[in-house]
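Contents: one structure, followed by commentary.
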Amino acid sequence: MINEQKKTEARELFEKCAPLFIALGDTVRHRLLLEIVDAGAEGLNVSDLTATTNLSRPAVSHHLKVLKDAGFVKPIKKGTQVFYRIDVKDKIGMIKNLVSSIEEIVNEI
């Protein structure tokens with residue numbers, strides 16, 4: 001039987017990570033994230049990302065909003081353009097905490 005405190009902690013971690021999993025649940029967003037990572041510190045704007053996909057600018061903007069809302073990318077305004085940079089360090093920590101919590105529960109079974 002699972003310790004109730006650990007089960008509660010795992011539920012809370014799942015709730016915190018849910019937006020992350022939703023954001024990562026789309027192959028287009030996978031590609032966009034990898035393109036942004038590949039761009040390094042300078043990041044990419046919507047036009048750059050549109051050129052790497054067969055999607056319209058509005059579609060790319062929608063996917064970027066999902067990634068931004070989940071905290072995976074950070075918009076940086078340069079003049080009239082917005083560039084997107086990767087920003088995942090704290091999000092990776094949240095996912096690691098969830099995985100550790102699940103491992104603890106599974107090891108008790």
- Message: Between I102 and F21, is there shared hydrophobic-cluster membership here, with clusters defined by ILVMFWY side-chain heavy atoms closer than 4.5 Å?
- Response: yes
- Output the distance between atom CG (L98) and atom SG (C17), rounded to the nearest 0.5 Å. 5.0 Å
- Task: Decide if atom NZ of K89 counts as having more than 12 heavy atoms of other residues, nucleotides or ligands within a radius under 6.0 Å.
- Result: no
- Message: Hydrophobic clusters here meaning ILVMFWY residues chained together by side-chain heavy-atom distances under 4.5 Å, can you tell me if V37 and L49 are in one?
- Response: yes
- Message: Please determine whether residues I22 and L20 belong to a single hydrophobic cluster, defined as Ile, Leu, Val, Met, Phe, Trp and Tyr linked transitively by side-chain heavy-atom distances below 4.5 Å.
- Response: no
- Note on the structure: Rounded to the nearest 0.5 angstrom, the CD1-CG distance for I36 and D48 is 10.0 Å
- Task: Look at the side-chain heavy atoms of Ile, Leu, Val, Met, Phe, Trp and Tyr, link any pair under 4.5 Å apart, and say whether L44 and L34 land in one connected group.
- Result: no
- State, with a plain yes or no, whether a side-chain heavy atom of R31 is found less than 4.5 Å away from one of T27. no
- Message: Show me the pairs that pass salt bridge (Lys or Arg N to Asp or Glu O under 4.0 Å) and involve residues 1-16, at least two apart or across chains.
- Response: E4-K7, K6-E104, K6-E108
- Item | Smallest separation among heavy atoms of L13 and S101, with atom names | CD1-CB, 3.7 Å
- Message: Do F83 and V46 sit in one hydrophobic cluster, given that two such residues count as connected whenever their side-chain heavy atoms are within less than 4.5 Å of each other, even indirectly?
- Response: no
- In short, A10 meets I105 closest at the heavy-atom pair CB-CD1, 3.8 Å
Review item, side-chain donor-acceptor pairs of residues 58-77, under 3.5 Å, at least two apart:
{"from": "S61", "atom 1": "OG", "to": "R57", "atom 2": "O", "distance (Å)": "3.1"}
{"from": "H63", "atom 1": "ND1", "to": "R29", "atom 2": "NH1", "distance (Å)": "2.9"}
{"from": "K65", "atom 1": "NZ", "to": "D69", "atom 2": "OD2", "distance (Å)": "2.6"}

- Going by the side-chain hydrogen bond (donor to acceptor under 3.5 Å, both in side chains) test, which pairs reach into residues 32-46, not counting sequence neighbours? N45-Q81
